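Just below is one structure, and these are the notes that go with it.
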Amino acid sequence: MFVRTFLHAARNTRSGLDLFVVAGVLWGTGGIAGSVLAARAGLHPVAVAAYRLLAGGLFITGYALACGRLRVRRPNRAELARIAGVGALFTVFQAAYFAAVAATSVSLATLTTMVAVHLLVTTGSALLERRRLGRFAIASLVVAALGLALLLGSPAGGARGAPVGVGFALVAAGGFAVSTLDTRPALPGLDRVAVTGLGFLFGGCLLLPAALAVGMAVPIHIDTLGAVFFLGVVPTAGAYIAYFTALGRAHVGGGIVAVLLEPLTATVLAALLQGERLGPTRLLGGVLVLTSIAVHHRAAGNAARG
């Protein structure tokens, strides 16, 4: 049912905006899904990341095959290089992000990564297109930073390992931003969704030795297997299919909508499902994030008209 509904929406959408929204909301479920899997199976974050890449890669590749976006044949050198490059970027993103979490905290790592992705994609797309950042784009960056800081909570400054953790978060943001800003035309018979699926599988294999070293055993129970399935389908396959399909239909800067909706969705789900309290400060942060999305689209509209 989920796959049928998603395919219908993907075929009938007129622009990338709604798919960016879908991607951001689906991404926001990944934190809870990963924490459930880690808690129920006693897995290290690196093992959870490997499961996410491998399961998500299988589902995305299956989707690409079913839709005719991938032909079963021997890949050439250019295709192998493209798949390996995408896989390496996602491996860097996953490994660096979890290293940042381990060195500091979830809030500081997530805040730094999300704000850095916003900054890198917004400024990177402007540089690639040889245009100046307008006042609305700059305002969007400032409002997003303030909103995410309030939404995720102010991390304690001066914590041990904070400089190293922030550095890892910036590396993670760079990996994701580069994959977003890669606007090279699709290879014949191997579009961006297909490359993403195969790249995830490649990245999962790169993480596999480290994941096996820390332990990947999962109890054969419906909750743990369901968590693996959900993690692979919803915040990974569904989100990335929506995200990269939207990139083919909209300006690359529109992906910021998904980037900003992820922590907002995660916060709302944590309040609803895990009883996390949302005080006035975090509610204000959510409002600022939504405001930043609106300002960002005003900036994107001005850039398109210019």
Side-chain angles (χ1 to χ4, degrees), residues 1-37 48 52 55-56 59-60 63 90 93-94 97 106-107 110-111 113-115 117-118 121 140 143-144 147-148 150-152 173 176 179-180 193 196 200 226-274 276 278 282-283 285-297 300:
M1 178 64 71
F2 169 81
V3 174
R4 184 181 302 172
T5 301
F6 177 81
L7 291 177
H8 177 78
R11 285 193 298 265
N12 291 282
T13 183
R14 294 184 179 182
S15 70
L17 175 59
D18 48 357
L19 287 178
F20 279 136
V21 171
V22 169
V25 172
L26 295 185
W27 270 337
T29 67
I32 289 180
S35 65
V36 168
L37 178 59
V48 174
R52 181 175 188 178
F59 287 120
I60 296 172
Y63 167 85
F90 281 116
F93 171 59
Q94 291 286 337
Y97 173 73
V106 174
S107 59
T110 305
L111 171 61
T113 302
M114 293 303 174
V115 172
V117 166
H118 190 358
V121 172
S140 174
V143 174
L148 287 172
L150 295 175
L151 186 65
L152 299 173
F176 185 84
S179 67
T180 297
V193 171
T196 300
F200 266 55
V228 172
F229 180 82
F230 184 92
L231 189 63
V233 171
V234 178
T236 308
Y240 280 97
I241 289 171
Y243 184 74
F244 285 116
T245 301
L247 283 179
R249 303 182 183 183
H251 186 272
V252 65
I256 296 302
V257 173
V259 170
L260 295 178
L261 278 176
E262 179 183 0
L264 181 61
T265 302
T267 300
V268 172
L269 289 177
L272 293 176
L273 301 179
Q274 297 182 332
E276 186 173 320
L278 291 178
R282 301 187 78 184
L283 289 174
V287 171
L288 288 176
V289 169
L290 292 175
T291 301
S292 175
I293 291 174
V295 173
H296 176 79
H297 277 283

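What you see is a predicted model, and the numbers here were worked out from it, not measured in a lab.
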* **Chi angles and distances behind the side-chain contact (heavy atoms from CB on, under 4.5 Å) call for Val48, Leu231** => CA-CA 9 Å; Val48 174; Leu231 189 63; 3.9 Å; yes
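Remark: Phe59 pairs with Phe229 by the ring pair (Phe, Tyr, Trp, His ring centres under 6.0 Å) rule, at least two apart or across chains. In this structure, the side-chain contact (heavy atoms from CB on, under 4.5 Å) partners of Thr236, at least two apart in sequence or on a different chain, are Arg52, Phe200, Tyr240.
In this structure, Leu19 CG and Phe244 CZ are separated by 13.0 Å, a value rounded to the nearest 0.5 Å.
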May I have the list of side-chain donor-acceptor pairs in residues 23-31 shorter than 3.5 Å, sequence neighbours left out?
unit_1	atom_1	unit_2	atom_2	d
Thr29	OG1	Leu26	O	2.7

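Without hydrogens or angle criteria, Thr245 side chain to Ala242 main chain gives no donor-acceptor distance under 3.5 Å.
Contact annotation: the side chain of Ile241 never approaches that of Thr196 to less than 4.5 Å [non-hydrogen atoms, C-beta and beyond].
The two residues Ala237 and Ile60 make their nearest non-hydrogen contact at CA-CG1, 3.5 Å.
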